[in-house]
Amino acid sequence: MAERFPMPDGASWSPQVRPGEAQDVPAMAHIHASAFDEKSAWSAPSLLHLVETPNVFSLMAERDSTPAGFVLMRVAANEAEVLTIAVDPAFHRRGMARALVMAGLTAALAVECDTVFLEVATDNEPAKALYQSMGFDIAGERKAYYARPSGPAVDALILRWTAQESDASAKG
């Protein structure tokens, strides 16, 4: 897995990623609020509902036991969907999002999911570059999907990661 998804240049440490639990929800809510605008941030009750939903799992990234980011994913049959991923801005550009996506892909493969979907705003260049570097391809688009506090809504790209395609591109 490390060969397919190397850490960014200059990364001197690897964050710890562990399964998330209901007790992590306050930290998740804080991270989500710091990562997204006020109207887009998910509340603690909403996050708790998801964490407790069957077929949904969460992963927490930490550095020195400090919550730094999380991902929530839902599994259906042989597919998984990233519901949300958030990294505290204090931990940006330190490999947290990459570690969370890698751990999410690994967890999805462990439960026999061979395809993972997610949505990303078309104006989120860092996230789009990360997902592309990890083997995600464009599967579709949602017009005016993300509301913005000032200005028009932004389209979302639907991205897909497929285990077989990623294996083939890693060999080729």
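Bear in mind that the values here come from a model prediction, so they are computed numbers and not experimental data.
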Just verifying a value: how many Å separate E125 CD and L130 CG, rounded to the nearest 0.5 Å?
12.5 Å
Which residues share a ring pair (Phe, Tyr, Trp, His ring centres under 6.0 Å) with Y145, sequence neighbours left out:
none
Any non-hydrogen side-chain atom of Q16 less than 4.5 Å from a side-chain atom of R63?
no
Under the side chain to side chain contact (heavy atoms under 4.5 Å, CB included) criterion, do K128 and F136 qualify, and how do the steps go?
CA-CA 9 Å; K128 288 177 6 185; F136 283 83; over 6 Å; no
So, taking the atom named CG in D114 and the one named OG1 in T162, what distance separates them when rounded to the nearest 0.5 Å?
7.0 Å
NE2/H92: more than 12 non-hydrogen atoms of other groups inside 6.0 Å:
yes
Between P89 and A35, the two heavy atoms sitting closest are CD-N, 4.4 Å
So which heavy atom on T115 is nearest to which on R160, and how close?
CG2-CG, 3.5 Å
Any side-chain heavy-atom pair from W161 and L105 closer than 4.5 angstrom?
yes
My understanding is that a hydrophobic cluster links ILVMFWY residues whose side chain heavy atoms are under 4.5 Å apart, including indirect links. Using that, what else belongs to the cluster containing L83?
V25, M28, I31, W42, L47, L48, L50, V51, V56, M60, F70, L72
Where F91 and P67 come nearest, the two heavy atoms and their spacing:
CE1-O, 4.1 Å
Testing the basics here: between A108 and F57, what is the closest heavy-atom pair and its distance to 0.1 Å?
N-CZ, 4.4 Å
Could you pull out every donor-acceptor pair under 3.5 Å between side chains of residues 147-157 and any protein atom, sequence neighbours left out?
unit_1, atom_1, unit_2, atom_2, d
R148, NH2, D123, OD1, 2.7
R148, NH2, D123, OD2, 3.3
D155, OD1, A144, N, 2.7

How long is the straight-line distance from CZ of R18 back to OG of S58, given to the nearest 0.5 Å?
8.5 Å
Considering only heavy atoms from C-beta outward, does the side chain of R142 approach that of I158 to under 4.5 Å?
yes
T84 and V71, any side-chain heavy atoms less than 4.5 Å apart:
no
Given 3.5 Å as the limit, does a donor-acceptor pair link the side chain of T53 with the main chain of H49, or not?
yes
Residues in salt bridge (Lys or Arg N to Asp or Glu O under 4.0 Å) with D88, at least two apart?
none
Set of residues satisfying salt bridge (Lys or Arg N to Asp or Glu O under 4.0 Å) with respect to E141, sequence neighbours excluded:
K143
Distance in Å, I138 CD1 paired with L159 CG, rounded so as to fall on 0.5 Å steps:
6.5 Å
Check: V116 and M73 side chains under 4.5 Å, non-hydrogen atoms
yes
What residues form a salt bridge (Lys or Arg N to Asp or Glu O under 4.0 Å) with E21, not counting sequence neighbours?
none
